[in-house]
Amino acid sequence: TNKNEEEDVNSIFGANEIFIAENFPSASGLVKPAQYKKVEGRFRILQVARVAKEKNILFSIKTLEACDFNVELDIVGSIYDQDYYQKCKQECSNLPSNIKVNFIGALKPDEIRGLYSKYDVFLSPTLGENYGHAIFESLINGLPVIISNKTMWDDLSQNKAGYDLELEEQGFSNAIKYLYSLNESEIKVWRANSQKYAAKKINLTEIKKEYKQLFRIESSK
């Protein structure tokens, strides 16, 4: 689905004929975002991910420990790894009273799309994604993201759409603190930029061409 995967295949199997065909984004995410209101004295964070080690939820929880303001992290996703879930719950029990973590469980796509206007930022310190559909859905719905640099979504800070960071807790904490410090007008600029960034990053016409080449489909359309 990308150049990095092509390089990985060639490094193992040697030079081959390889077609790159990017992941198709969910077209249903291309909607006008609902009205957002910043709640003073409170910072609301959304993470959409199954509860599993590779999604790095334990890291998410630890990054909040440095926050001296009211923070609420809602994790939407099924519990995939019970042992890892218990470690996360144990870490939550050590958090100060100004920080709350809620495990919401799995929701339907339509239910998730109704959440984006209710949060200040999307968090994903993932250990690796070949695409990251939840990240795209967040951006295209106008919610800035703070993610690891282990995905295809880069140059976020330059576009004021979020941050793609090394997996280091202090860096994530600093990004959360900075976005918390913005007033409603300022954060709305970041929200608008998130949509612009996602739309610019995805070229559906080119993706369709890639799949036609992959399946040897001849078409003038």
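Along the sequence shown, residues carry numbers from 1.
Rounded to the nearest 0.5 angstrom, Asn141 CG and Leu115 CG are separated by 10.0 Å. Summarising the geometry, atom OG1 belonging to Thr151 is positioned 12.5 Å from atom CG belonging to Leu127; distances are rounded to the nearest 0.5 Å. In this structure, CZ on Arg44 lies 8.5 Å from OG on Ser117, to the nearest 0.5 angstrom. For the atom pair CZ (Phe59) and SG (Cys88), the distance works out to 13.0 Å, reported to the nearest 0.5 Å. A distance of 12.5 Å separates CD of Gln47 from CG of Asn102, quoted to the nearest 0.5 Å. Arg113 CZ to Glu137 CD: the interatomic distance, rounded to the nearest 0.5 Å, is 5.5 Å.
In terms of hydrophobic clustering, with Ile, Leu, Val, Met, Phe, Trp and Tyr side chains grouped at heavy-atom distances under 4.5 Å, Tyr80 and Tyr84 are assigned to different clusters. Residue Val121 is not grouped with residue Val189 when hydrophobic side chains (ILVMFWY) are merged at heavy-atom distances under 4.5 angstrom, including chains of intermediate members. Note on Leu179 and Val39: separate hydrophobic clusters, where clusters join Ile, Leu, Val, Met, Phe, Trp and Tyr whose side-chain heavy atoms are under 4.5 Å apart, directly or indirectly.
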Please report the C-alpha distance between Ile112 and Val76 in whole Å, then the side-chain angles of each, then the deciding distance to 0.1 Å, and finally whether the side-chain contact (heavy atoms from CB on, under 4.5 Å) criterion is met.
-> CA-CA 8 Å; Ile112 295 173; Val76 175; 4.2 Å; yes
Show your working on side-chain contact (heavy atoms from CB on, under 4.5 Å) between Leu64 and Val101 and close with a plain yes or no.
-> CA-CA 10 Å; Leu64 305 180; Val101 178; 4.2 Å; yes
Take Asp164 and Trp153, measure what side-chain contact (heavy atoms from CB on, under 4.5 Å) needs, and give me the verdict at the end.
-> CA-CA 7 Å; Asp164 48 286; Trp153 307 99; over 6 Å; no
Start with the C-alpha gap between Leu46 and Leu73, add the side-chain angles, then the distance that decides, and say whether side-chain contact (heavy atoms from CB on, under 4.5 Å) holds.
-> CA-CA 6 Å; Leu46 175 65; Leu73 169 64; over 6 Å; no
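Between Tyr197 and Ala161, the closest heavy-atom pair is CB-CB, 3.9 Å. Smallest separation of non-hydrogen atoms from Cys92 and Ile61: SG-CD1, 3.7 Å. For the pair Leu139 and Ala198, the tightest heavy-atom approach, listed with the atom from each and the gap, is CB-CB, 3.8 Å. Of all heavy-atom pairs between Leu165 and Phe172, the closest is CB-CE1, 3.8 Å. Here the closest heavy-atom approach between residue Ala52 and residue Ile57 is recorded as N-CD1, 4.5 Å.
Between Phe103 and Tyr85, the angle of the ring planes goes over 60°, which puts this pair in the perpendicular group of the 30/60° scheme.
Using a 4.0 Å cut-off between a side-chain N of Lys or Arg and a carboxylate O of Asp or Glu, Glu186 and Lys160 do not qualify as a salt bridge. Between Glu91 and Lys87, none of the side-chain N atoms (NZ, or NE/NH1/NH2) sits under 4.0 Å from a carboxylate O, so this pair counts as no salt bridge.
Note that Lys177 lies outside the cation-pi zone of Phe69, set by a 6.0 Å cut-off to the ring centre and a 45° limit from the axis. Cation-pi geometry between Arg191 and Tyr36 is met: the NZ or CZ atom falls under 6.0 Å from the ring centre, inside 45° of the normal.
A 4.5 Å side-chain heavy-atom check between Leu95 and Glu65 finds at least one atom pair inside the cut-off. Put simply, the side chain of Ile146 does not reach to within 4.5 Å of the side chain of Leu156, judged on heavy atoms. Side-chain atoms of Ser194 and Val145, non-hydrogen and from C-beta on, never get closer than 4.5 Å to each other. At a threshold of 4.5 Å between non-hydrogen side-chain atoms, the residues Asn56 and Ser148 do not count as touching. In this structure, Phe136 and Lys201 have side chains that are not in contact, with every pair of non-hydrogen atoms separated by 4.5 Å or more. A heavy-atom distance below 4.5 Å is not found between the side chains of Ile45 and Glu72. Residues Val51 and Asp81 fail the side-chain proximity criterion, which asks for heavy atoms closer than 4.5 Å. The closest side-chain heavy-atom distance from Lys150 to Glu129 is not below 4.5 Å.
Side-chain atoms of Thr63 and Glu169 include no donor-acceptor pair closer than 3.5 Å. There is no side-chain donor-acceptor pair under 3.5 Å between Asn10 and Glu6. Side-chain N/O atoms of Asn159 and Lys200 include a donor and acceptor closer than 3.5 Å. Counting only N and O atoms by type, the side chains of Asn149 and Glu166 include a donor and acceptor under 3.5 Å apart.
Put simply, the side chain of Ser93 gets close to the backbone of Gln90: a donor and an acceptor are under 3.5 Å apart. In terms of modelled atom types and a separation under 3.5 Å, the side chain of Lys38 and the main chain of Tyr180 share a donor-acceptor contact. Side-chain N or O atoms of Ser157 include none that pairs as donor or acceptor with a backbone N or O of Tyr163 at under 3.5 Å. Remark: side-chain polar atoms of Asp74 are not paired, donor with acceptor, to backbone N or O of Ile104 under 3.5 angstrom. Of the possible polar contacts, none joining the Gln195 side chain to the Ala192 backbone as a donor-acceptor pair under 3.5 Å is found.
Between Tyr116 and Phe122, the distance from one ring center to the other does not fall under 6.0 angstrom.
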